[in-house]
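Okay, structure first, notes after.
Just so you know, residue 1 is the first one in the sequence shown, and it goes up from there. These values consider heavy atoms only, across backbone and side chains, with no hydrogens, waters or symmetry-generated copies.
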Amino acid sequence: MLPWIKLGETTMPGGGAMTLMQRGTEFSIMSGVITLMNSRLSNSEVQLATLSAARIGTRPKARILIGGLGMGFTLRAALDCFAADSEITVAELVPEVVAWARGPLAVLHGNSLDDIRVRIHQGDVATAISGGQPFDAILLDVDNGPDGLFRPANDRLYNAAGLAAARAALTPGGHLAVWSSAPDIRFTKRLKQASMSVEEITVRARSNGKGERHTIWIATRPGKADSAART
């Protein structure tokens, strides 16, 4: 068994250590002894983008916001799935995560950060959501679910006010997609109370259909996109 090697360590805003580990070709980002993400368990992060892109379809000049860069699986999938004229903003709160993407994790990220469609927002995703220009899709994977488990400040993204802000930041017919390690009946209820139609989808952690079951919510703002305004 190969040993784990520490490649980097940082402190998340608000406290709490975050450590980048490697074992052979496997990478893991840890909070203490808890795994936040692992390079072998990436399918649900990929599905966050592919499920979103399937609902955006051929909408021209789509604007997408991804909350959380992580190991880049959602971003890479978004670049594969969304159209060539799309604009993808990635909000990442922790500067070291971006540095790791261009350093020890470059083998996973490839040249995704240099794609002309990509813009990095170094800061809180809540700031990007309230930035002004609306998005066609907002994809959130900034915690282990809608409870701010590892960063309590994330709770404000998932409470009634946070969901109202996300809805207001969506174009008509746009959607909010949220990744979680487990179902949450109360969060499903809050999404519906935010006047959005809600899908709750179960996906596997591994691309072979095995591994833990994760949850992705897709909450759509009512209305139809105005394609004329994008041309």
Side-chain angles (χ1 to χ4, degrees), residues 12 14-16 29-38 41-56 64-71 73-74 77-78 91 93 124-126 128-130 134-223:
M12 292 181 286
I29 295 179
M30 312 284 293
S31 175
V33 298
I34 300 174
T35 301
L36 299 180
M37 57 200 79
N38 182 279
L41 306 173
S42 60
N43 182 60
S44 57
E45 286 86 352
V46 170
Q47 290 299 314
L48 183 63
T50 56
L51 291 168
S52 175
R55 285 152 179 79
I56 291 296
I64 300 96
L65 172 63
I66 298 175
L69 175 60
M71 292 185 174
F73 293 109
T74 300
L93 183 64
D124 199 317
V125 68
I129 288 173
S130 61
F135 295 97
D136 298 291
I138 299 173
L139 284 56
L140 294 183
D141 180 10
V142 296
D143 215 301
N144 262 27
D147 55 9
L149 177 63
F150 294 105
R151 185 170 183 264
N154 286 336
D155 281 338
R156 73 188 190 283
L157 296 171
Y158 309 116
N159 61 22
L163 295 179
R167 185 186 185 281
L170 291 169
T171 58
H175 62 260
L176 168 69
V178 179
W179 182 96
S180 176
S181 61
D184 187 326
I185 295 174
R186 293 172 299 178
F187 183 61
T188 302
K189 182 178 180 180
R190 290 201 300 274
L191 286 170
K192 293 178 179 178
Q193 291 173 336
S195 300
M196 293 187 281
S197 61
V198 181
E199 301 173 73
E200 185 175 340
I201 304 165
T202 300
V203 295
R204 290 282 195 167
R206 296 180 183 270
S207 58
N208 61 3
K210 298 181 180 181
E212 295 182 355
R213 290 177 170 86
H214 296 159
T215 300
I216 294 175
W217 290 272
I218 298 182
T220 303
R221 176 177 176 172

**Study point:** Leu170 side, atom CG; Ile138 side, atom CD1 - distance, nearest 0.5 Å
**Key:** 4.5 Å
Review point. Is a donor on one side and an acceptor on the other found under 3.5 Å between the side chain of Asp141 and the backbone of Gly68?
Key: no
Review point. Can you check whether Gly174's main-chain N or O pairs, donor with acceptor, with Arg221's side chain at less than 3.5 Å?
Key: no
Point to revise | Ser44 side chain to Ala205 backbone, donor-acceptor under 3.5 Å | key: no
Practice item. Identify, with sequence neighbours excluded, every residue that meets side-chain contact (heavy atoms from CB on, under 4.5 Å) alongside Asn159. Key: Arg156, Ala161
Review point. Side chains of Met30 and Leu36: closer than 4.5 Å at any heavy-atom pair?
Key: no
Check your understanding: With Glu199, which residues qualify under salt bridge (charged side-chain N to carboxylate O under 4.0 Å, His left out), at least two apart?
Key -> Arg55
Practice item. List in chain and number order the residues that pass ring-ring contact (aromatic ring centres under 6.0 Å, His included) with His214, two or more places apart in sequence or in another chain; answer none if no residue qualifies. Key: Trp179
Check your understanding: Is there side-chain contact between Ser42 and Met71, with at least one heavy-atom pair below 4.5 Å?
Key -> no
Practice item. Using the test side chain to side chain donor-acceptor pair (under 3.5 Å), find all partners of Ser181 that sit at least two apart in sequence or belong to another chain. Key: none
Revision key, fill the gap. Hits for side-chain contact (heavy atoms from CB on, under 4.5 Å) against Thr188, two or more places apart or cross-chain, chain-then-number order -> Lys192, Val198, Glu200, Trp217
Check your understanding: When rounded to the nearest 0.5 angstrom, what is the spacing between OG1 in Thr74 and CD1 in Ile66?
Key -> 6.0 Å
Check your understanding: Can you list every pair that meets salt bridge (Lys or Arg N to Asp or Glu O under 4.0 Å) and has a residue in residues 210-219, with sequence neighbours left out?
Key -> none
Revision key, fill the gap. Arg190 meets the side-chain contact (heavy atoms from CB on, under 4.5 Å) criterion, sequence neighbours left out, with Tyr158, Leu163, Arg186, Phe187, Gln193
**Study point:** Approximate separation, where rounding is to 0.5 Å, of Leu191 CG and Met196 CE
**Key:** 5.5 Å
Point to revise | Note, Thr215 side chain near Asp184 side chain (heavy atom, < 4.5 Å) | key: no
